[in-house]
Amino acid sequence: MVKLDDVDMSILQLLQDNGKRSYTDIAKRINVSEGTVRTRINRMLKERVFEFIIHMDPNKIGLNVQAIIGIKTQLGKQETIATKLNEYPEVRFIGAFSGRHDLILQAYFKNNEDLVNFVNKELSKIDGILAADVSIELKQYKDSFSYINNQE
């Protein structure tokens, strides 16, 4: 397990608030050298503590339908099905869950017709899917990748 200290957590918080911050700015804010910041960030990237990503607004790039799809799988097929679902560019997230659904995925589509085609034509091809429960997002209240409380 990766051990993070207060300096690491401060760096992560500042990057979470603004991923474009310079090493110099971060160093000044937490009273360490720029080299320390560079070394810590490179170590955390190597250890996969975080990654730099571009988080887009799906609606602004033409993906107007977000669906959460709960999937019931045949026993023993969950991992194979998850691997197959991973191939679809529409699918943003796949997770194994306890409860009513074995897998839950989040996917984005241009329109309802594309969603219906995905469910009826693509999901139906995957061996071992017993049922799919589709929920369409009506309104979004929060979409965040923030895991550290803002202390500023």
Side-chain angles (χ1 to χ4, degrees), residues 1-21 23 26 30 37-152:
M1 178 165 186
V2 178
K3 300 246 185 205
L4 301 177
D5 63 15
D6 290 342
V7 172
D8 294 325
M9 294 303 286
S10 295
I11 291 169
L12 289 170
Q13 181 178 345
L14 289 167
L15 287 173
Q16 178 179 274
D17 293 342
N18 179 357
K20 296 189 293 182
R21 279 192 208 278
Y23 293 162
I26 293 169
I30 62 174
V37 172
R38 181 178 292 104
T39 300
R40 299 289 186 105
I41 288 175
N42 287 336
R43 177 183 52 87
M44 288 188 285
L45 286 169
K46 183 179 177 188
E47 294 175 349
R48 301 183 56 98
V49 172
F50 76 99
E51 62 184 323
F52 289 107
I53 62 168
I54 297 172
H55 182 75
M56 294 175 269
D57 179 338
N59 292 347
K60 292 186 179 173
I61 60 169
L63 300 174
N64 300 307
V65 177
Q66 180 196 158
I68 303 295
I69 304 173
I71 295 179
K72 181 145 183 63
T73 65
Q74 184 178 346
L75 285 175
K77 301 239 177 171
Q78 183 183 59
E79 189 136 344
T80 303
I81 292 168
T83 300
K84 182 67 178 166
L85 290 169
N86 197 42
E87 297 172 10
Y88 290 94
E90 300 89 347
V91 176
R92 190 197 74 75
F93 168 86
I94 306 166
F97 286 82
S98 63
R100 195 166 108 193
H101 302 106
D102 301 311
L103 296 172
I104 295 179
L105 61 101
Q106 178 185 38
Y108 289 90
F109 303 91
K110 290 180 185 171
N111 52 49
N112 286 335
E113 185 176 335
D114 286 353
L115 168 59
V116 170
N117 285 333
F118 178 77
V119 172
N120 289 334
K121 293 188 175 148
E122 299 303 323
L123 291 184
S124 67
K125 290 182 201 173
I126 300 174
D127 184 47
I129 292 180
L130 301 176
D133 181 19
V134 180
S135 297
I136 296 175
E137 176 186 276
L138 300 176
K139 182 176 181 179
Q140 190 171 95
Y141 292 100
K142 182 176 183 179
D143 184 13
S144 172
F145 290 100
S146 299
Y147 303 106
I148 300 172
N149 293 329
N150 189 349
Q151 306 291 330
E152 292 184 297

Heavy atoms only: give me the nearest A96-Q78 pair and the separation to one decimal.
CB-NE2, 3.7 Å
Which pair of non-hydrogen atoms, one from A67 and one from V134, has the smallest distance, and what is that distance?
CB-CG1, 4.3 Å
Side-chain contact test, heavy atoms from C-beta onward, threshold under 4.5 Å: evaluate it for N86 versus I94 and give yes or no.
yes
Side chain proximity check, I71 to L85, heavy atoms < 4.5 angstrom:
yes
Nearest 0.5 Å, what's the CD-CZ distance between Q66 and F109?
10.0 Å
Specify the closest pair of heavy atoms between A82 and L103, including all atoms of both residues, with the distance to one decimal.
N-CD1, 4.0 Å
Side-chain heavy-atom pair L4, L12 within 4.5 angstrom cut-off:
yes
Can you tell me if CG on L75 sees more than 12 non-hydrogen neighbours from other groups inside 6.0 Å?
no
Electrostatic pair D102:K77 at N-O distance under 4.0 angstrom:
no
D8 side chain near M44 side chain, heavy-atom distance below 4.5 Å:
yes
Quick check: are there more than 12 heavy atoms from other residues, nucleotides or ligands sitting under 6.0 Å from CG of N18?
yes
Does N42 use its side chain to pair, donor to acceptor, with the backbone of R38 at less than 3.5 Å?
yes
Got a salt bridge between K84 and E87, using NZ or NE/NH1/NH2 to carboxylate O under 4.0 Å?
yes
Quick check: are there more than 12 heavy atoms from other residues, nucleotides or ligands sitting under 6.0 Å from CD of E79?
no
State, yes or no, whether a side-chain contact exists between I69 and D133 at a heavy-atom distance under 4.5 Å.
no
Contact check, side chains of Y108 and E90, non-hydrogen atoms, under 4.5 Å:
no
Can you confirm whether more than 12 heavy atoms, excluding those of E113, are under 6.0 Å from its CD atom?
no
Find out whether L115 and V119 are in side-chain contact, i.e. whether some heavy atom of one side chain is under 4.5 Å from a heavy atom of the other.
yes
Beyond-backbone contact of K110 with V65, side-chain heavy atoms, under 4.5 angstrom
no
Work out which heavy atom in R43 is nearest to a heavy atom in K3; give both atom names and the distance.
NH1-O, 3.9 Å
Mind telling me whether F118 and Y88 have parallel, tilted or perpendicular rings, with 30° and 60° as the class edges?
perpendicular
If you take all heavy atoms of F50 and L15, which pair is closest and at what distance?
CZ-CD1, 3.9 Å
Taking the basic N atoms (NZ, or NE/NH1/NH2) and the acidic carboxylate oxygens, is any pair closer than 4.0 Å for D114 and K121?
no
Does any N or O in the side chain of D17 come within less than 3.5 Å of the main-chain N or O of L14, such that one atom is a donor and the other an acceptor?
no
